[in-house]
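Some notes on the structure that comes next.
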Amino acid sequence: MAGEARIKKIRNIGIIAHIDAGKTTLTERILYYTGKIHRIGEVHEGQATMDYLPEEQERGITITSACTTCYWKGCEIHLIDTPGHVDFTIEVERSLRVLDGAIGVFCAVGGVEPQSETVWHQAERFRVPKMAFVNKMDRIGANFWGVVEQMREKLGARPVILTMPYGAEQDFKGVIDVVQEKLILWDEESLGEKFSYHPVPAEMEEEVQRVRKELLETIVEFDENAFEKYLADEPLSEEEIHGLIRKGTLALEIVPVFCGSALKNKGVQPLLDGIVRYMPSPLDVPPVKGVNPLTGREEERPPDEAAPLAALAFKVQMFEGRKMVYLRLYSGVLEVGKTVLNATQKKKEKVARLFLLHANKRTRLEKAGAGDIVAAMGLKHTVTGDTLCDPEHPILLEAIGAYEPVISIAVEPKTRAEEEKVEEALAKIAQEDPTFRVKVDADTGQRVISGMGELHLEVILERLRREFGLDLLVGRPQVVYRETITSEVEVTEVFDQTVGEERLAATVKLLVRPRERGAGNLVGAVLPEEKLRPEQKALLLETLEKALEASGPLGWPVTDVEVVLLDIDFPGGAWHEMAARAATVKALQRALSQAGPILLEPIMEVEVVCPSEFLGEVISDLNQRQGHVVNIEAREPVQVVRAEVPLSRLFGYSTALRSATQGRASFTMRFLRFDRPEDLKRA
């Protein structure tokens, strides 16, 4: 297998977590200890290497997934620091799609927070092996064992502890390596670069023995010989233990857990060792599957440089006005100057330049091979989710799904002269960000931009100001609505028109009925086979899907509706595409308008963390916003309130919450489903 030794040493890893768990701080330490940077940049000072956008430095949060390459113990680690804010979920989604492993970072005080759950389950969906790092062990309220328990309860994970804390809060001194049974202490002078091993303190020997026994009991399950050895009380070597942990991690059976404090430079090197030891190389993950667009058959591409090229574009970014496409190479080799096929768009592309990435710095490459994550320039047509492949051996990989925006605002330039510039700038941002939409309202002629939340749109307006010099007039935020129906209706619709010399006629019978909230649309047909050929039936079902997405009788896209095509006839005797489509759309519109259409709005899942003394104020405020409190959990000294609240009532909530709790409460929200606010109490 060509390049196998090189590929075996590659680790494509993402750092995922809730906002403020310390992902970017941890990434900074990893870069420092691997010699990639020579000075640690702090997030709170706006100096973090990976948060290179001005918008990130100002807010102290990660907005865009930054990619970097570093080296540890002979391995090449491609590391992606993903955002923790729910508005930028797509950044996490598309990163996880191309990564082989993930590190979940949890705050020792906050534990498993809502966005941690979201990104963890995203990683589960992509079958990505995971490790966990319990960060901020130096903070007041740090509870390592509590976080491990939450991982079991909330994530359904099976944690195995590889480093456990020695001390906590202000007394956090170091970590104990459970496999080696050694205490590791870090040297403060060298910013944690130097560390030393010591015997386990006597008062902790018993606990370390218990944790090590649990670890061994869990991992011997993965190998028969090791299991027999363990039953016979024969000791397992360190190498055998590491091999078993790796086996369990790659099988998604266990999650190795490390702990430390990235800010205080403690606990990072054992995590790096864990990445090299337990995380998969591209050879350890199943070969990528795709469809041959010529034959329609499923094909596999092994992680081999000798195989035909298959690469996925997982991100597009404008860099100094030029388009840069981030690519994950699954097989083959990509060379500068070579022509490749964009199988998604059926267009040939030429790679002008290739780069190895380090945040916003780049190193020129002449070629890249299977397993690599690189950036390419010169790809004119390629967008997020497109497949690049060898023109002689085409393959189409699964695209990256996008999320539907939930909030929109009207924007317009201050002068007519800027009209074209605005259009161009918005088109560039839309190319980069699949969750950002731009459309011109047919009724008002206003340009409306839509996104995943207030912060998302705020950041885009900031970018337009900074990068494109455009200060736009902005309307008030508007909620993006959907509509659905409340009853079942069956209609028969006749379409009969003469166009020129030709008579277009078709009679369609269809049924519409409501589905459960959040179930989405379902389109089907129960027709006798002789009525339509398979391709004709597929065409009409696609027509129905598009008509539902366009708009219903209330003027919004339709959701949670089942449509069944029951019958179709052609008075003229022969199938006519235009007549069939026109009759189908007409029948659908009439059925929807008779089925009791109602408006649905985005309902958000809100989690508020507040000191116990403010619980009353928080709940009363949520009730005033038509919210429905789902549960309240006591996590001393704070209370965690989970509620479902209509998005339209949440504008300006952060300011209201701060003033009601003297600035001591925090909240996160994520889109849950489209529903009616009055139905929440009954949900």
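Because only heavy atoms are used, hydrogens play no part in the values below, and waters and symmetry mates are left out as well, while side chains stay in.
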- [ ] Output, in order, the C-alpha distance, side-chain angles, deciding distance and verdict of side-chain contact (heavy atoms from CB on, under 4.5 Å) for Lys130 and Ile103.
- [x] CA-CA 6 Å; Lys130 292 168 291 298; Ile103 300 164; over 6 Å; no
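- Looking at Glu549 and Lys546, no side-chain N of the basic residue comes within less than 4.0 Å of a carboxylate O on the acidic one, giving no salt bridge.
- Closest approach of Met204 to Pro165, counting heavy atoms only: CE-O, 3.6 Å.
- Using a cutoff of 4.0 Å between basic side-chain nitrogens and carboxylate oxygens, Arg517 and Asp560 are not scored as salt-bridged.
- A heavy-atom distance below 4.5 Å is found between the side chains of Leu650 and Val606.
- Between Met131 and Phe258 the shortest side-chain heavy-atom distance falls below 4.5 Å.
- Looking at heavy atoms from C-beta onward, Val147 lies out of side-chain contact with Glu149 at the 4.5 angstrom threshold.
- The shortest heavy-atom contact between Phe671 and Met604 is N-CE, 3.5 Å.
- Put simply, CD on Gln170 and CD1 on Ile140 are 6.0 Å apart, with the number rounded to the nearest 0.5 Å.
- Looking at every heavy atom in both residues, Phe674 comes nearest to Tyr481 through CE2-C, 4.3 Å.
- Residues Pro677 and Glu601 have side chains in contact (heavy-atom distance under 4.5 Å, counting atoms from C-beta outward).
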Open item on the list: Set out, in order, the CA-CA distance, both residues' side-chain angles and the distance that settles side-chain contact (heavy atoms from CB on, under 4.5 Å) for Tyr166 and Val175, then state yes or no.
Closed with: CA-CA 5 Å; Tyr166 176 46; Val175 305; over 6 Å; no
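- Considering all non-hydrogen atoms of both residues, Ser487 and Gln594 come closest at OG-O, 4.3 Å.
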Side-chain donor-acceptor distances from residues 153-161 under 3.5 Å, at least two apart:
| from | atom 1 | to | atom 2 | distance (Å) |
| --- | --- | --- | --- | --- |
| Lys154 | NZ | Val112 | O | 3.3 |
| Arg158 | NH2 | Glu221 | OE1 | 3.2 |
| Arg158 | NH2 | Glu221 | OE2 | 2.8 |

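- Smallest separation of non-hydrogen atoms from Leu464 and Ala425: CD2-CB, 3.6 Å.
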TODO: Test side-chain contact (heavy atoms from CB on, under 4.5 Å) on Arg29 and Leu263 and set out the steps.
DONE: CA-CA 8 Å; Arg29 298 317 185 263; Leu263 189 64; 3.9 Å; yes
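- We find the CZ-CG distance between Arg447 and Leu426 to be 6.5 Å, quoted to the nearest 0.5 Å.
- To the nearest 0.5 Å, atom CD of residue Glu418 and atom CG of residue Leu472 are 7.5 Å apart.
- Residues Phe436 and Ser450 form no side-chain contact, since every pair of their non-hydrogen atoms from C-beta on lies 4.5 Å or further apart.
- Just one of Leu470, Ile460, Asp471 meets the side chain to side chain contact (heavy atoms under 4.5 Å, CB included) condition when paired with Arg465; it is Asp471.
- A 4.5 Å side-chain heavy-atom check between Val563 and Leu522 finds every atom pair outside the cut-off.
- Atom CD1 of Ile485 sits about 9.5 Å away from atom CD of Glu562, to the nearest 0.5 Å.
- Taking every heavy atom of both residues into account, Pro646 and Arg625 meet most closely at CD-O, 3.6 Å.
- Note that OG1 of Thr486 and CZ of Arg513 are 15.0 Å apart. Values are rounded to the nearest 0.5 Å.
- Within a 6.0 Å radius of CZ in Arg210, more than 12 heavy atoms belonging to other residues, nucleotides or ligands are found.
- Leu99 has its side chain out of reach of Ile13: every pair of non-hydrogen atoms, C-beta onward, lies at least 4.5 Å apart.
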Open item on the list: Test side-chain contact (heavy atoms from CB on, under 4.5 Å) on Val255 and Thr249; report intermediate values, then the result.
Closed with: CA-CA 6 Å; Val255 176; Thr249 307; over 6 Å; no
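- For the atom pair Ile632 CD1 and Arg642 CZ, the distance stands at 12.0 Å (nearest 0.5 Å).
- Formation of a donor-acceptor pair under 3.5 Å by the Ser261 side chain with backbone atoms of Asp138 is not found in this model.
- Applying the side chain to side chain contact (heavy atoms under 4.5 Å, CB included) test between Tyr653 and each of Asp621, Leu647, Val645 identifies Asp621 as the sole match.
- Side chains of Leu473 and Val411 form no contact here, defined as non-hydrogen atoms less than 4.5 Å apart.
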